[in-house]
Enquirer: 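One structure coming up, written as structure tokens, with questions to follow.
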Amino acid sequence: MERERMVEELSKIVGKENVLSSETDLFLYGYDASLFKAKPDCILFPGSTEEVSQIVKFCHREHIPVIARGSGTNLSGGTIPTRGGIILHFSRMNKILEIDIENQRAVVEPGLFTLALKNQLARYGFVYQPDPASEKVSTFGGNFAENSGGPHCLKYGVTTNHILGAEVVLPDGEVIQVGGKALDNPGYDLTGLLVGSEGTLGIATQLTLRIMPKSEAVKTMLAIYNSLEDAGRTVSAIIADGIVPATLEILDKLTIKAVEESVHAGFPLDAEAVLLIEIDGLKDGMERLAERIMEICRKNNAREVKSAKTEAERTQLWAGRKGAFGALSRLRPNYLVCDGTVPRTKLPEVLVQVMEVSKKYGLTIANVFHAGDGNLHPLILFDERDEEELRKVHLAGSEIMKLCADAGGTISGEHGIGTEKMKEMFFIFSPQDIAAMRKVKKAFDPEDICNPGKILPEVQA
Amino acid sequence: MSRIEKLIPKLKEIVGETNLIQDPEKLKACSVDGKRPKVVVFPGTIAEVSKVVAYANEQSLTILPMGNGTKMGIGTIPGKMDVVLSTLRLNRMTDCDCDNLTLSAESGITLGEVQKKLGQEGKGYFLPLDPPHTLKATLGGIVATNSSGPGRLIYGTARDLIIGIKAVFPNGDIVASGGKTVKNVSGYDMCKLLIGSYGTLGILCEITFKLLPLPEREATLLLPFVRLEEAAQFGREILQSQYLPSSIEILNGMAVKKINPPIAQQGNYLVAIGLEGVAESIERQVSEIGERAKKKSALEIAVLRSESHSSFWKAIRDFSEGLAEEGLNFISFKSNILISRCGEVMGSYEKIAKESGVDCGLICHSGNGILYSYVFGGKGVRSKKESLLNLIREFSLVAVKNEGHPVVESAPPDIKKRIDVWGEPRGDYEIMRRLKKEIDPKGILNPGRFAGGI
Amino acid sequence: MKTEQLKTLFYDEVAKCNHCGFCLAHCPVYTVTGREWATPRGKNVLVKAIIEGKIDWTPEIEETLFRCTGCKLCTQTCFPAVETNQAVLAGRECLVDRKQYPKVVDRVVEALETHFNISNEPNANRTLWMEKLEDIPDHRFQKEKARVIYFVGCVAAFYPMAHKIPQTFVQILHKADVDFTILGGEEWCCGFPLIQAGMKEKMQKLVEHNQEKVKEIGAETVVFACPSCFHTWKEKYQTNAELLHSTQFIERLIGEGKITFQNGADRAVTYHDPCDLGRNSKVFDAPRNILKRIPGLNLVELEGNRQLSVCCGGGGDLEMIDPALSAAIAQRKIEEIQRTGAGEVVTSCQQCIRTISGYARKHKIKLKVRDITEVVLEAMGSPL
């Protein structure tokens, strides 16, 4: 369809002021936080579920791809309009619809920033647990589509454990409600299936979330190491000891350096790695548990273990963790985050292998990751303006994925497959596995309207 | 020779002569809602399951997967029932990786056996699920029906604990999803789709769970209240606090009587608070929650530990087994409702039961809004069919009003015939039917028994 | 500026932007528009695309680059600290070079070139604010020699809504026995609007004139109540004189015992950090120390305070270029102020006062918006 007519038709739905289609705007909605770029045909800012439904109906009728988008923080190219089409941007649907303390639920629109809800919940002494590093801008629609994680997911689970229901516009424009405020609705767990489906099965227009009372006490510790492997070994040892802290995060030397230049979190510059540990819950017995953890750290060669004495100290340590990715761009302009995940017992050996990849390709790799989940985030640093380097980066990235897969792990712990890792899906899935997923896609979206060309690679018949 | 008889040799070839039952008398043991299958097969490996399913698909035979059969009564009365596929020979723990806090096991093993073995590993571990049928329930049955227990308040349910499933799909494909990493967003979350799918999309063969170390200490507080509102209010108060109980159950007098817990006065509403975790925090919660309960007019504060603690929770889990042992005919419901409305719904259910002239035991996972109701009518529910149908309708209305659905989990066939056991239809059933159609186009897996006619 | 120069100066800078999108949480223009063009990320991407020849200087790019308040909260919160505003200003210079910029800018340039003020009035009118003052000394605060120059700034001099600031500040200085003067009709615009307009080469004449005046008067110190004049002088001027903001100067006078507070004030106020004073000139403590010295005054901080203060909407010539956008940002600011529960916001910038109180008045919102000099004078007791 010609762009002009498309814009005209769609303006009737959302109003002229909520349609963008200039060359510049097409440029501005063709990227996310990954390395991929493409151009959509136009961008719409719907104001209601009804408008979203009408737009999707239009796309369905005209066979135009439709891609939902929030803050565009995606790291796997999930929001890239690789086949053109319409971008639905949710900045106008960004309200908290309900905070229902009695039932421990919140209902929000997809464009709402995660932290905006958390700030409101804090007034009631409540929390929404998932805490993606991008939470100050990550939208609930994005969290839903990507099944976002975050440091505290070690103890509390990822987004899917905290989204209990959704209003969803299906790829034919029909609006359904899946799940709800009550648990265990009869029928298939469509909410569970839709969370993490990267916008390929439908578009959420409302989310029902689980919220819970804030922990009574929290204790944050920092263990400092002269070897990255020892830090990895500590994590395996803590888990093997049967302790599941709220978080176990590792930052390596390079990351420490970048972070210190950026936010001064108080990490020692001469350390090879630091391990950020947090436990929470009731205050009773917490000191004893902390002592047990610190003992494990020392046994695994931590040269020093200290704990945050004030809330300010704790905030400072976390600022260092949350800003780590961005801070690394101080060293080189670009980074590729490999989101591989391995069984936690395999951490030390896989870390060594990752560093071998770094040597093999002559690329700088920084490590900052959710160690307790076995979720590695090797960041390959480079300058995308150097084509040869970029080529090597992609090869190295894929090789790291393979390492993780071979260690019994997987190719994405929380960032999604998106555009980036479709090929690598075969590292972990058989053609039969993929075929089964394709059936799911087909049941929801037989015409391939919603975010086409993502997640599922072509399977040779 | 009937059509199915012609197909038996091939099935025998797949699973082996001795792993197939054809004897009509023996088949009785596998009957569902009074209907008998034509054959039961016991494949011993996932590859055999795959072959059986592929063959059944080719021949358009329907398959009902079954473990120990504890959940077979849930669902619409089966129509065509050719093959029962028993998972009981798939009973191995395939990868017990306690250092990684994960376990992979085949679907035919019972949870009871798994817990026993995990308890003996290293410093002692467990799979944090506590569904009904403590000894008999198999992992496959638990997961296929998304069965859960009181501990879900703190540990969650199958959807929170499962990280990988290997299942055989209707075309015979062995489909793996997830794995043994605790975080995984590679591809669609097929595990979520399969959990609670009642065997309609695939035969669950191997499941990987997250594990936890055994808690340092456990205790239970039993707090009887005269009035339901007081009990419900107290449950809510604890739920909204920073305490971290593993369960907050509310029982009505009838349920208390059947369970017969070690408290002085039996006929009241009982709030049972389960506590598991770090020793110091358990002791503090026992004393502080007990103290609070006293102020809120609890009739007594009973603290259970060790043996009495475990047997109390076993009695809660296995409540329906207890009724069956008494030889009672009963109808059971699982209603999911808003957590703040548990007390009101329990009150309404009691009132409705009273008006229908039947007894009603109520056990509510009040922190999760899951209410189990057991209606038993003295001399048998049969004579009261009409009033029971009316009761089911009224239960349903109350649940719907509180944003939930009542599912009739067991009832005599002549009542089941007259109702939709899955309650009021939901708006998302159409897409569920499309999923079923796409994955199981011939409708061979447990057809017609699930919600939405799936 | 030519595009090639843009590449030399800013290619590496904008390449540091990884599109992480964290700036979306902070950018006041994005907060109210919800559009990607408004984001610092989007601006970095466009400048990079221009440099790489992937996109032309479209009308939308012009619109985008001229809609940045220059608050620099993005750089403050950006982990690689990309200097987006610098790139934006350079982009504006390129646009000016192509004669592609908002027409309203020409009016300001013309005013500056003919009258040396942004108001396009005779520059002698710079002292009209004095007319309301009673009992002022005969020299009318204009002396040939003085140790201190008070540089009033165009907005405070010409816009009646901001007259209170010079009116109160001269009284404070006078009461504190400071040997000071204003430049009156000899004060020329500091040049800030030209930097924002992408025409910084045109400011040289203004700079030289003002620098010369400091020399003539022999001042050791130049004091500014306008954070943007202050910031511009600090960045672009060469002078031996000490440059201080009024809050720093008042703090010093308090320390020297020359200002004492007689009148208590039993109320809660909040303080808004002007971008050019706080984040961009790093003056955070002086205004707070002053407020804390006023007996009974209870300072309640805003959610975004100090380095994280959010722009009022009046920065970067935005009020001139897109008044509606500026007002929308002001609305958010007012909401943030209201959330503190304080009925009064104190700030130390005439532009912030104009933007915030202008919006409040137009929308009949009950809110006291005051410059810190007013609060100080009131607490000092009797007027002149």
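Throughout, a chain's letter reflects where its sequence line sits, starting with A, and its residues are numbered from 1.
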Enquirer: Looking at A:Thr341, A:Thr410, A:Asp339, which hits side chain to side chain donor-acceptor pair (under 3.5 Å) with B:Ser186?
Expert: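 The option that passes is A:Thr410.
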
Enquirer: To the closest 0.5 Å, what do you measure between OG1 (B:Thr181) and CG (A:Asn375)?
Expert: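 It comes to 8.5 Å.
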
Enquirer: By a 4.5 Å heavy-atom criterion (distance strictly below it), what part of B:Lys334 contacts chain A: side chain, backbone, both, or neither?
Expert: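 Answer is side chain: those atoms of B:Lys334 sit under 4.5 Å from chain A.
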
Enquirer: Atom CD of B:Glu280 and atom CD of A:Glu287: how far apart are they, to the nearest 0.5 Å?
Expert: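 Separation between the atoms: 10.5 Å.
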
Enquirer: Does any heavy atom of chain B fall under 4.5 Å from the side chain of A:Val440, the backbone, both, or neither of them?
Expert: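 Its backbone and side chain both get close to chain B.
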
Enquirer: Just how far is it from atom CE of A:Met212 to atom CD of B:Gln242, taken to the nearest 0.5 Å?
Expert: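 So the CE of A:Met212 and the CD of B:Gln242 are separated by 13.0 Å.
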
Enquirer: Where the side chain of B:Asn100 meets the backbone of A:Arg344, is there a donor-acceptor pair that is under 3.5 Å apart?
Expert: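 Present.
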
Enquirer: Less than 4.5 Å apart, any side-chain heavy atom of B:Tyr429 and any of A:Pro186?
Expert: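 Yes - at least one pair of side-chain heavy atoms lies under 4.5 Å apart.
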
Enquirer: Determine whether A:Gln177 and B:Asp428 make a side-chain contact, defined as any pair of heavy atoms from C-beta on separated by less than 4.5 Å.
Expert: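 Result no, sub-4.5 Å side-chain heavy-atom pair not found.
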
Enquirer: Any donor-acceptor pair under 3.5 Å linking the side-chain atoms of B:Asp99 with those of A:Thr345?
Expert: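 Checked: A:Thr345/B:Asp99 side chains show no N/O donor-acceptor pair below 3.5 Å.
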
Enquirer: Heavy atoms under 4.5 Å from chain A: which residues of residues 156-171 of chain B carry them?
Expert: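 B:Arg159, B:Asp160, B:Phe169, B:Asn171, listed by number.
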
Enquirer: Hey, are B:Gln240 and A:Glu102 close enough side-chain-wise for a donor-acceptor pair under 3.5 Å?
Expert: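 A:Glu102 vs B:Gln240: no donor-acceptor pair found between side chains.
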
Enquirer: At a 4.5 Å cut-off on heavy atoms, which part of B:Glu216 comes close to chain A: side chain, backbone, both, or neither?
Expert: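 The side chain, not the backbone.
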
Enquirer: Between the side chains of A:Asn147 and B:Asp189, is a donor N or O closer than 3.5 angstrom to an acceptor N or O?
Expert: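 Their side chains do not contain a donor-acceptor pair, so the 3.5 Å distance test is not met.
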
Enquirer: Is there a donor-acceptor pair under 3.5 Å between the side chain of A:Asp184 and the backbone N or O of B:Asn336?
Expert: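 The answer is no, because no donor-acceptor pair under 3.5 Å joins these two groups.
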
Enquirer: Is chain A contacted by the side chain of B:Leu239, its backbone, both, or neither, given a heavy-atom distance below 4.5 Å?
Expert: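 Its backbone and side chain both get close to chain A.
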
Enquirer: Please flag which part of B:Lys123 lies under 4.5 Å from any non-hydrogen atom of chain A: side chain, backbone, both or neither.
Expert: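 For B:Lys123, the contact with chain A is made by the side chain alone.
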
Enquirer: Determine whether A:Thr160 and B:Lys192 make a side-chain contact, defined as any pair of heavy atoms from C-beta on separated by less than 4.5 Å.
Expert: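 Heavy-atom side-chain distance check passes, below 4.5 Å.
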
Enquirer: Using a 4.5 Å cut-off on heavy atoms from C-beta on, say whether the side chain of A:Ile176 contacts that of B:Ile431.
Expert: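 Heavy-atom side-chain distance check passes, below 4.5 Å.
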
Enquirer: Below 4.5 Å from any heavy atom of chain A, which atoms of B:Ile439 appear? Answer side chain, backbone, both or neither.
Expert: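 Its backbone and side chain both get close to chain A.
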
Enquirer: Rounded to the nearest 0.5 Å, what's the gap from CG on B:Leu212 to CD1 on A:Ile243? Could you check?
Expert: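 Atom-to-atom, B:Leu212:CG and A:Ile243:CD1 are 12.5 Å apart.
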
Enquirer: Does some side-chain heavy atom of B:Tyr188 sit less than 4.5 Å from a side-chain heavy atom of A:Leu201?
Expert: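 Side-chain contact under 4.5 Å: yes.
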
Enquirer: Which atoms of A:Ile239 come close to chain B, meaning under 4.5 Å heavy atom to heavy atom: side chain ones, backbone ones, both, or neither?
Expert: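 It is both, since atoms from each part get that close.
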
Enquirer: Is it true that A:Glu216 and B:Arg284 have a side-chain N and a carboxylate O under 4.0 angstrom from each other?
Expert: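 Salt bridge present between A:Glu216 and B:Arg284.
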
Enquirer: Any side-chain heavy-atom pair from B:Asn184 and A:Glu414 closer than 4.5 angstrom?
Expert: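 Contact flag for B:Asn184/A:Glu414 side chains = no.
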
Enquirer: Got a donor-acceptor contact below 3.5 angstrom from the A:Asp433 side chain to the B:Ala176 backbone?
Expert: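 Answer holds: yes.
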
Enquirer: How long is the straight-line distance from NZ of A:Lys442 back to CG of B:Leu435, given to the nearest 0.5 Å?
Expert: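 Between atom CG of B:Leu435 and atom NZ of A:Lys442 there are 12.5 Å.
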
Enquirer: I need the A:Leu154 CG to B:Lys183 NZ distance, nearest 0.5 Å.
Expert: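 It is 8.5 Å, given to the nearest 0.5 Å.
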
